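All remarks here apply to the structure that follows.
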Amino acid sequence: MEEPRIGVYVCWCGTNIEKVVDVAEVAKAMEKLPNVVLSKNYKYMCSDPGQDLIIKDIKENNLNRIVVSACSPRIHELTFRKTLEKAGLNPYLLQMANIREHVSWVHDDKKAATDKAKSLVAAAVTRVNHHEELQKRTVDINPATLIIGGGIAGLTAALEIADAGKKVFLLEKTNHLGGVVAGIDQSFPYFDSAQQIIQQFIKRIKQHENVEVLLNTKAENITGYVGNFKMPLPMLGIDAELEFGNIIVATGLKPYDPSAIREYGYGYLPNVITSLEFEKMLMSGKIETKDGKTPEDILIIHCVGSRNKNCHEYCSRTCCMTALKFATQLRSALPKANIYQAYADMRSFGKDCEELYLKASQKDIMFLMYDQQKYLPEIRRAPNREKCEMLVEIEEILSGDMVEVPADLVILMTAMEAHEDVKDVARTVGVSLCGNDFFIERHPKLDPVATTTDGVFIAGTCQAPKDIPDSVAQAKAAAARVLSSIDVGQVEIEVTTAFTNEDLCCGCQTCISVCPYKAIGFNEENRVSVVNEILCKGCGTCSSACPTGAIRTRHFTDKQIMSQIEGMLSMTKRKSKKTELEV
Amino acid sequence: MEFQPTIISFLCNWCSYTGADLAGTSRMKYAPNIRIIRIMCSGRVDPTFVLKSFREGADGVLICGCHPGDCHYHEGNYKCLRRFKLLHKYIQQMGIHKDRLRLEWISASEGRQFADLVDNMTERLMELGPSPIKEIMEIA
Amino acid sequence: MNKIPSVGIYFHYENNGYSNGLNKQKIEKYSDQIPGVRYIGNSHDLPPIDKNIFIEKLKGSRVSKLLIAGYDPGMVKPFFTRIMSESGLDPTNITLCNFRDYGIMGRADEQMAESLIYCAVMTVNPDEIINKVVKQKNQDTLVIGGGIAGIQASLEIANSNHKVSLLERTGTIGGHMAMFDKTFPTLDCAACILTPKMVDVGLHPNIDLMTYSEVKEVTGGPGNYKVKILKKARRVDLKTCIGCGICSEKCPAKASSEFDAGTTLRKAIYIPFPQAVPNKYLIDEKSCIYVTKGKCGVCAKVCPANAVRLDEQDQEIEITVGNIVVATGFKTFDAGKVANFGYGTFPNVLTSLELERLVNAAGPTGGNITQRTKDKKGNWIFTEEGAEPESVAIIHCVGSRDVNNHQYCSRVCCMYSLKLAHLVSEKLPDARITEYYIDIRAFGKGYEEFYERIKQEGIEMIRGRTAKIEERNGKLHLRSEDIINNKLIESEVDMVILAVGLEPREDAQSLAKMLGIDTNKDGWFEEANYLTDPTSTHSGGITIAGVCQGPKDIPDTVAQASAAACSVIQNLITKKNKTLDKTVLISLVEEYVNKLSEITEDQI
Amino acid sequence: MNNRVNPGFKKELQKFGMSEQWNECFHCGNCTAICPLSENEVLFPRKGIRVIQMGLKDKLASYVEPWMCYYCGECSETCPRDANPGELMMTLRRYLTSVYDWTGMSRKFYTSKWWELSYILFFALLVIVLFLIYLPLRPDAYLMVNESGGVMLNHLVAGISGDQFIRIIEFGDWAMAIIVAFILVSNILNMFYKIILSNKSFKVPFYAYFTEFWRLIYNFVTQSKFSKCDDKNYWVGHMLLMTGYTTMFILVVVALPAFQTEKVVDWYNWQRLLGYYATFGILFFLTVVTIGRIRKKDIKLQYSHSTDWLFIIMLGLTTITGIVLHIFRLAGLPAATYYMYILHLAILVPMIMVEVPFSKWSHLAYRPFAIYFSRLKQVALSKQYSTGLAPAI
């Protein structure tokens, strides 16, 4: 590599730095450091004339390393990198020293501040000596997309992408599309026909020229990385293979099996049914007990399998509103029936859903509150002298009484849970699952559709329980990401990634165990670790864990940081003992 | 003149460095003894960085990362914590006082906490006096 | 040939808070004269109670299918499903035609209602007929609102290599989220996760950031909107200002800080908060002495960069865009409206937003939770030296779930109250913290677990709405019923936090009118379809994102913002723009539908 | 277990008052918290709503709390769901009145307007007929004017002396009072049984009946609980009505000979002053309430049960006929005075017979007793609590 020729620029930032730090002295001190060709100070480095100064100097003095000591690199590192690019220099040959936020704004003592500034700039100078040219890298994106799951989320995402004219492979493990929504009669809070909606979706999907539906197909053996995934289709022939650039996982939910809850007697009490079974009754118009009797007393129990340590600790988000929907539907179908709801907290939070709660309570429905953690309602068969089928004992909280509720039909609002095979999907697409077997998003707040694996997105209830509009919104959000990456055609990948020096690697695989992105693989043949730089995010944890120093993180190499430490402490050292810097 | 310690500190880019920036933008004053090195994640802190700092004449070393659970890279700060625990024992065996090496969590909004931390550590190091390593290494 | 359907039609008008002038008789009459359609009745004259009447009617009119139309007709569908089943008809042969769809609810559009009914009778998807596709003439996008929704939508679109203009009415982007200390349930700090996105927006080559600007007028149509924008005079030149803050230091005028929710003062020339984007100062006309009285101008004199333009005037510019994303967000409920809580009278009754600033390390007290104290001038202010409260009460549902204020649930208050309780207990471990709630709505991912954790931390949860706050000897006196433990609680606390709900911004209505989109009865923007299209509107190319559509938390807002961007990106890729034909003519629809069903007939 | 929920029970209650608004209650506890009269041992109105929503009829019969409510209306005003708990308490008082009344008349009156009207008509006719037959106007009635020009009221009837007339009327008064008192006392005993005796979960210590007795008297006289409500004007108005009515009652029943004197005494005489005070007190509050019920602005007067109107009309007519009677008497119109006297009684008697034992007026007795009983219950429970027998709430 050519000899470093460093230019140092100390910014005044008006009076912001200049008032506390003697910028001229700092600049002067830097001149003495090895490889420093010139050292200047200027009022506003970030201004256009300031940047022009750098460009001019680079061209005139043949500089190949630049140190700018000014404000925080979080503010202007990108600005100056662009300046270097303009001057024809690799942008990573820049180092900034933060002498505003970390010096002039936090210290009053001019002398101490100037000393500190000197040591920070010196550190930047010693560090920049070891900077390397780094190239931006991109990969091409295959415009096709794989969507796993044919429920409402998968269908929405597929339609959004296909409507934009891009190819979609829609995978569904069962023999029909529609998912859970296909088993629902009406939606809350406006009581639209879910059937009408889902059938329209399915019709459009089937007619769409850009969508290829693969029923009875599971997602297996997916290989590749963002932009270039592959999946074999053995049933279509040995070489049949799908190629796609992005994956949307929309595997949806499975209703909880309530037979595990002893109190409810699901399975042996014939008239205890789950919410999805009740939807079927609603669709057929035959709301009746197993004996064909029209029920007079109907109890809806909330939080079955949710919010309880013995089942699932999480809230399934939709059951309260579904229960209110059921109550309203029941009131319409059976105007004279007695309808009861046993709830824990009424979570009717959606748009117009509190209104639904009010509407339901105006329809003569009895709401009973129970403790979903300690005292579950207990259902037992009614003795023969009773008119009703069952008697339910509830420890009612709002009144503090133990009450008995007669019931001919009990509807259990079962929780949403992850499919059993979700682990296989997670493994094949390289996304981790949380403790409840839902997919983990990249960021719980600001990135709910992306995952830590680039090119793999999640949508709908496989991420967490949610209702139809939220699933649809998330599916569209995932589609937005996919479309945007297809539209750009390329994806830029992290430059400051880790890489291994295979000669030094001893094959201990420590790095593999610490990598949070599963970006490091093991080459069995050579017994060395190999970094997949497309997956690496450059956190550097592997570098510090590596016992031999074989794995290095670009732009944050040991050498760079060590020299920074040296540079930082060189200014104090120099005063007494003129040791040469070991650069 | 009173002894002025030098502290080398490693701040993660996402939380702690931003927190230190916030201390600056809020003009909070703190002791000028600290020298900040930016790293992407506290998990990048190699024990050799710390040893190197002491060797080069630092009187104290401060490592700051995101609060547990907040790590930009999921769990880098936990890894850092694990290494720190070992290293902490190790440096004491080398004759370096345990208070010379600290690991603290600073979030991006904790400018005040950062400033207080620097002041607090500087004060402690002033009590402790110069690092014994400096004498061995014949540094000022 | 035309197949003659035999369809019974019933009209149900659910009382759902809308009472527009839709001529119901005209629609009913129209539907009755469609060939093969039999009018069964409507909910006013013939409410669905006695099933035998309807069974008779169905048998008498010999229909095999049923169409229920009106406002939320699904409310009575189960009744008719049962009747169909009992009279031996196929219960799945019921079609719903909701006047909520296609914006009829907001516009009193009989032609549209009739068109929908005709389509439903002929089993044709109305989307294909009532929607028209226009060419996308302009490939730029305008995003209105620079909160997290606007930021997310802008980045999403800009990252797909399309130009975005991001409009923000205040001096900085960031919106409400920037004011928060931590976010639930992960408790990561809001600034840490938001500011990188804000910086991204500021530096993005595809984003033209227009802060301190408002929409004045919107003309044109889908794919080609002309938007007049008022650029308010910032009086500081964005290009030259270096954000050093000397001007602010010297400025003699003070005003209440919007960013700190009024808990502290800022100068007349100010930067909204340290991480603002753009990180440049601006002058508040209302408090600036130069603007109001014509003298002063200290800031201009001290500015080292000569960036102050004291005499700058408002500007109006016009831009042309193809799509618009509306992400105008919300304002918090004015707690003063609940007279019994004494907000504004008692100094230590705070809103949640104020507490949010108070616990923030960059807030008015440097993150110390203190009570307001009286300063020399007799004003109640927060200082770092103020006494720490020994007891804090948090009251849920202030302004929400209350017919006297807002009927709707604001969706975020429960969770942020739990979060605030945690933050307070973290800073004041000895303080007694009590939450008064009605129902805890911890519904999101990890929320219920968070709730359990908060309970473990020793925060007292009381199911009971506090009715009244009184001040006695400097202490705040609360009275509420502890429903679960069956007793009345009278407690004295030092500080009360009101978990205020969210409400639409004052100018939401006028903006909706400008853009030609509907609002619901609460004033939130109405989506094209609640279930299948929660981010689009009936005006082509205009999408809505975030809380302006209805209260939601950050992850839902972000997901929705990306979803809104999805429609935009789709339009940009296909260069087409789908819009509702609001001037639909029933005669043309009939003609079209008949032709369409002939084709399908032929195919069969 | 008799704690079986009964959703049909609400329909029964609807006859006693407002529609099903209370179904909308989602149990936030606002009403209990805002009520200045609600205390730790007597929590209302929310718990009452709960009992009704669940239809626990037995529990409701022993429910004493509605009598603690004086209906200031604040709970209904601030109710976040417009469930109108205040009106519910009112309805419950009507219902409980019918529960305590063992004769079943009260229930009939509340649930059927016609029953009540015909009952009133019966007594009115009875009074008129009895008077016309047995106490006819004397032919020379026009002479019965004394020296000051006032009508000699007691001498208008043919064939009997003034003293006799007074005695007859007095007898009638006492007879009526005894009947009414008998029904009322037996109803109160029934109430005592329902609230105290039938409840096996506690036993009232004997001494408490005496130590707590003062509350009964104190609350009857002062209505001190009512004064705790925020709306003080309403309490003053109610106080005027109550004292006015009581005064009149005492004057007419106990002190009739002293009240209905032959001579028209001077206006500053205690007899006339008390009479005026009573008339004013009744008329003033009655006017306020009537205007309120018509305008329906005040939440507590928005809903009016048919018995409310009947009560206002009856009391109003009684007062007005009384005033007119007084004027006729002062003006020296004997015949007019006589017929007005009959009319006055023909309204007064049925009013007393309906309202005092069976309807609205009975709360005058039930309220202080309810406070007394609830105190007894509290004493019993706290004693059990201190002796280790936890109350079964």
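Throughout, protein chains are lettered first and strands after them, A, B, ... in sequence-line order, and every chain is numbered starting at 1. What you see is a predicted model, and the numbers here were worked out from it, not measured in a lab.
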- Task: Please report the C-alpha distance between A:Asp401 and D:Lys59 in whole Å, then the side-chain angles of each, then the deciding distance to 0.1 Å, and finally whether the side chain to side chain contact (heavy atoms under 4.5 Å, CB included) criterion is met.
- Result: CA-CA 10 Å; A:Asp401 285 328; D:Lys59 195 173 176 181; 2.4 Å; yes
- Could you tell me whether D:Lys296 atom NZ has more than 12 heavy atoms of other residues or ligands within 6.0 Å of it? no
- Query: In terms of heavy-atom pairs under 4.5 Å, which option from A:Ile339, A:Ile365, A:Leu398, A:Ile394 contacts chain D the most?
  - Reply: A:Leu398
- Which distance, rounded to the nearest 0.5 Å, do you find between the CZ of D:Arg81 and the CG of A:Leu358? 4.5 Å
- Task: Count the heavy atoms of every other residue, nucleotide or ligand shown that sit under 6.0 Å from CZ of D:Phe9, and state whether that count exceeds 12.
- Result: yes
- Message: Contact between A:Leu391 and D:Arg4 at the side-chain level, heavy atoms closer than 4.5 Å - yes or no?
- Response: yes
- Run through D:Lys47, D:Arg50, D:Gln53 and flag the one making a side-chain contact (heavy atoms from CB on, under 4.5 Å) with A:Ser399. D:Arg50
- Query: Among A:Tyr340, A:Phe367, A:Tyr357, who wins on heavy-atom pairs under 4.5 Å with chain D?
  - Reply: A:Tyr357
- Query: Does the pair A:Asp364 and D:Lys11 meet the rule for a side chain to side chain contact (heavy atoms under 4.5 Å, CB included), with working shown?
  - Reply: CA-CA 10 Å; A:Asp364 195 14; D:Lys11 296 203 177 68; 3.6 Å; yes
- Message: If you count heavy atoms of other groups shown closer than 6.0 angstrom to CZ of D:Phe192, is the number above 12?
- Response: yes
- Query: Relative to chain D, which of A:Gln362, A:Met346, A:Met369 shows the most heavy atom pairs under 4.5 Å?
  - Reply: A:Gln362
- Query: Can you name the nearest heavy-atom pair linking A:Met366 to D:Val5, along with the distance?
  - Reply: SD-CB, 3.9 Å
